[in-house]
Amino acid sequence: MPQRSEAIKNICILGGGTAGWMTAAALAHKLRGLPVRIELVESEEIGTVGVGEATLPLIRKFNEALNIDEATFMKETEATFKLGIEFCDWGRPGDRYIHPFGDYGRPVDNIPFYQAWLRLRQLGETARLDDYSYPIIAAEMGRFQRPGGDPDAIQAGFGYAYQFDSSRYAQFLRRYAEASGVIRTEGKVATTVCDPETGFVRSLVLDNGKTAMAELFVDCSGFRGVLIEQTLKTGYDDWSNWLPCNRAIAVPCESRGPLMPFTRATAREAGWQWRIPLQHRVGNGHVYCSSFISDDEATTQLLGHLEGPALASPRQLFFTTGRRRKFWNRNVVAIGLAAGFLEPLESTSIHLIQEGITELLQLFPDTGFHSADADEYNERMGLAFERVRDFLLLHYVANQRDDGELWLHFQNLALPASLEEKISAWMTRGHIIKYEFGTFLPPSWLAVLLGQNLIPRGYDPRTLKIPEDRLRAESRRLREAVLAAAQRTPDHAAFLRQVGGASHQAPLTAGVG
Amino acid sequence: MTAAALSRHLPETCKLTHVVTREAPAQDIFYGSVTTPIAYNFNLSLEVSEPRLLLESDAAFSFGTHYQGWGGDAQAWVQGFQQPLPVLGGVPFHQYLARMGHEGLEPYLVSAAAAKRGAFAHPPEQAAHPLSRAEYGYQLDVRSYRDLLACATDTSRLVVIQAEITDIDTDSEGVAALHLSDGRTLLADMFVDCTGPEAALLSRLGATLTGERQLGAVMTRTPESTLGPAVRTVTGQAFGWQSITPLQGASTKLTLFAESDEAPALRAHRDAPEVSAKAAFGRRSQAWVGNCVAIGQAAATIEPLTPSPMVCLQRDIERLISLIPLSCDMAMERREFNRQFDNDYQHAELFRQAFFATTPVAGSAYWQAASPQPADPRLDRKLTQFLSRGVLVSYDLEPFTPEDWVVLHYGMGRRPLRGDRLADQTPAAQVEAYLSDLKRQIETTVAALPSHHAYMARLKPFLRQKSS
């Protein structure tokens, strides 16, 4: 460890994909005014993965913190609004549900609304729980508006995110970062120079002869983990046993039909397919496990399910689900795919980048690189990854599919104890074991559990205190309020134009009709 | 409290019987005399509104606890209830204090300033008002509070039996029957053990007591014509500590001591003890065994140095209400209750143990036994991170907030060795001006507040008039 603790003056970010430029933009903004030089090294020869095009609501905080204007950002990244994710064929083939960004209904006598719904369901009520969720009904109608107005109104309390072209987002943030003083250096890493005593990375020698020196390195080099793994040999925890999908094929296609404010994830025989509607195209991909389907068959399945002509050749990605044993090792912090990989079933890729940046800023080191900072960072990010992993795993185990070896694998899988207990508590009485720190809070667990037909045997007996006719009347009023509010909501594409977020291409006309 | 809560929340299909074994268990004094702000909602859920609490019991407001003469360095601070401190430019408030080299947090805590001045007013809702950052709980005498809750219990839902338990039948399911002194035998699907530290039911089911710290306490109530400040005072002593809690019409003095130091403690107490109690402080290995769930001291006896005993009691009850079994197969509810209990108890313990992470009082048996060895690694993480650079580590759903922790750290003289780099962005003069302005606003606001006594004297007639 270096002997003296001084303020960091030089930061080098390796990699110019989504993670690299998000990190660069955030550090440049948050450290503005301080004597810190930020350099980003990237090579145009190395493609970026473009980890995900769909996001979670906290991305808005990221943009807001950087004072990014929403309309400008949306226009430049071909972004659309997102109210949730539609899951098709996950419980049983033919099923569908939306995981919204928001809770269902309103508590009744301080009891979560879904408990009252469970009771009404046992009494023969047929309304879906979805009918009590404004973002779900608005999403199904292809409508969108921002939450707001009267805080008690049914349309006030939900979250929204974006679907955008992540390459354009990276470019957008590159302009932002460079305007904020970030220096971009073109080149591929030829040699990494480390301190012989401490093992700290001291400089990167590039193939064009340039050298990048810094006290702190942020490894955003993607799956390869040039610094965190190839140089520091940090090691990787392989989670393939729980999440065995290891390949993906991505292809964009032309848009057809209305512009919907949600991402779609459709279960397939050996994985699942994403559909992300942007303004200028639709992003598609097939995530699968190579043990259960060939690459050719996976590609055929994907292309066979496109709604419009493909706009590019299919691109293949290879990955191992898991996490780096340390996200922060010596003076290298890995962010993005260099830190780990979790399939984008719940749009967590960009979110985990954001978490990594946020924690790095909170624990921003000095040249002493105190172990307390790295320990805390690793603890926090480890928990974040683990909790997302368990939530993703829930999708695979909470279903009734048996139409492929992949699904049979999950039927026989020994689950992490915490997830096993969560499912048991849910099935007994609809009880959700909750935590405070994690990406997915109880309404998200509820959406997937119920959406995938895990109907609890019982419900909270406190709901029996509420007279049945009152419960029915209140539920009906709530349903009607949700429907009325959704009907008053503008069309998604129209709203996008209205707020100045539509790009200059002609993407939205398909969505208006 | 449990009877009141069950009577309010459980459906008619659930028949409730309350066996009252004695008038006033002496060990109730170990619940302490302060609640945190969460008591407001808890009371409301039992249909005890704040006006009712103030009009029908001797409870008073509480901005927190003023610790004095604490530890070997005789530390003093107000552990005030506080809304989240301002976050400026994404940087927590206390990082600016660290950057400017300001030693104290207290001048920026309105609840602490008001408590020290003996002032009180309800925090207004307008966020711009300095007092809006304050939170408050209640100071109470558990006996008076218990009487109020007895009145708040829905008696139509409850059969009350005044009797002693003479014998307990157990079987593979847990408790099978209670034999009572009036000759009756009581059968039930589920038993709730509220018998205090002896855990009369749970202890019969193999739930062992962990923790061997023996403490005693004496309490005396003194009539007062003037309501004292909205703050409890705890003064550290070699034998343990002594607290004074102002209530409406009285104050209570509690002297708590290591068992071996009873004599000096009683001398220091001076007044004749009205209530005396002793207990082993610790927890049962499980709070719910078979068909029997223990609440409060029957599950864990917690030192009332902090509001933990009342907080944990409230949480026990809320947890039970949310996990009332659906049938005699209560395995899932039992596991989940025990998991939450375990977390709550351990998190509350971290907060208590943090009081002892300082210079001990030399030769004090109380201090020698106060901290477990080795120290809990979770507390180590909290302390290490704060001391290293002012980072607040939080675990899931802790009973004490990050504000409680930062107030405690500062109060006990813990200061970060390094600052947050992001706090350097704002020019020093601007930070200084902001801090000075905040301090001045708090001083001005607190100077204009009425005394706790005057406020209560005006509030109660208004509440009476409103309720009539």
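- Neither the backbone nor the side chain of A:P112 comes within contact range of chain B, judged by heavy atoms closer than 4.5 Å.
- With a 4.5 angstrom heavy-atom cutoff, B:Q340 touches chain A only via side-chain atoms.
- With a threshold of 4.5 angstrom between heavy atoms, A:Q115 does not approach chain B through any atom at all.
- Of the charged side-chain nitrogens involved, at least one lies within less than 4.0 Å of a carboxylate oxygen, so that B:R418 and A:D373 count as a salt-bridged pair.
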Derivation and outcome, salt bridge (Lys or Arg N to Asp or Glu O under 4.0 Å), residues B:D329 and A:R457: CA-CA 13 Å; B:D329 176 6; A:R457 294 183 290 278; over 6 Å; no
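- Only the side chain of B:Q385 comes within contact range of chain A, with at least one heavy atom under 4.5 Å from a heavy atom of that chain.
- Salt bridge status for A:R429 with B:E333: present, with a side-chain N to carboxylate O gap under 4.0 Å.
- Across every non-hydrogen atom of A:L31 and B:L422, the tightest pair is CD2-CD2, 3.3 Å.
- With chain B as partner, the option from A:G33, A:S424, A:G438 having the largest number of non-hydrogen pairs under 4.5 angstrom is A:S424.
- Within a 6.0 Å radius of OH in A:Y435, more than 12 heavy atoms belonging to other residues, nucleotides or ligands are found.
- No other option in B:S322, B:S388, B:P427, B:C14 has as many heavy-atom pairs under 4.5 Å with chain A as B:S322.
- Under the 4.5 Å side-chain criterion, counting only non-hydrogen atoms from C-beta, B:R381 is not in contact with A:D375.
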Run the numbers on A:R462 and B:I321 for side chain to side chain contact (heavy atoms under 4.5 Å, CB included), then give the verdict. CA-CA 8 Å; A:R462 286 177 295 172; B:I321 297 292; 3.3 Å; yes
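- For B:E125, the CD atom is loosely surrounded, since the number of other residues' heavy atoms within 6.0 Å does not exceed 12.
- Contact between A:K30 and B:G89 at its shortest, heavy atoms only, is NZ-O, 4.1 Å.
- For chain B, the nearby parts of A:R32 are the backbone and the side chain; heavy atoms of each come within less than 4.5 Å.
- Residue contact with chain B, scored on non-hydrogen atoms closer than 4.5 Å, is absent for A:I466.
- Of the listed residues (B:L323, B:T13, B:D420), the greatest number of heavy-atom pairs within a distance under 4.5 Å of chain A belongs to B:L323.
- At a 4.5 Å heavy-atom cutoff, A:L383 makes no contact with chain B through either its backbone or its side chain.
- Here the side chains of B:R339 and A:I433 are in contact, with some heavy-atom distance below 4.5 Å.
- The nearest pair of heavy atoms linking A:G458 to B:L326 is CA-CD1, 3.7 Å.
- For B:L44, no part lies near chain A; criterion is any non-hydrogen pair under 4.5 Å.
- Between the side chain of B:R421 and the backbone N or O of A:I8, at least one donor-acceptor pair lies under 3.5 Å.
- The two atoms that bring B:R8 and A:K465 nearest to each other are O-CE, 3.1 Å, heavy atoms only.
- More than 12 heavy atoms of other shown residues, nucleotides or ligands fall within 6.0 angstrom of atom CG in A:D69.
- Looking only at heavy-atom pairs under 4.5 Å with chain A, the residue among B:V391, B:T384, B:V91 that has the most is B:V391.
- Heavy-atom neighbours of B:D380 CG from other residues, nucleotides or ligands within 6.0 Å: above the threshold of 12.
- Salt-bridge formation is not detected for the pair A:D366/B:R389: no Lys NZ or Arg NE/NH1/NH2 atom is positioned less than 4.0 Å from an Asp or Glu carboxylate oxygen.
- Residues A:P461 and B:L10 fail the side-chain proximity criterion, which asks for heavy atoms closer than 4.5 Å.
- Both the backbone and the side chain of B:S394 come within less than 4.5 Å of a heavy atom in chain A.
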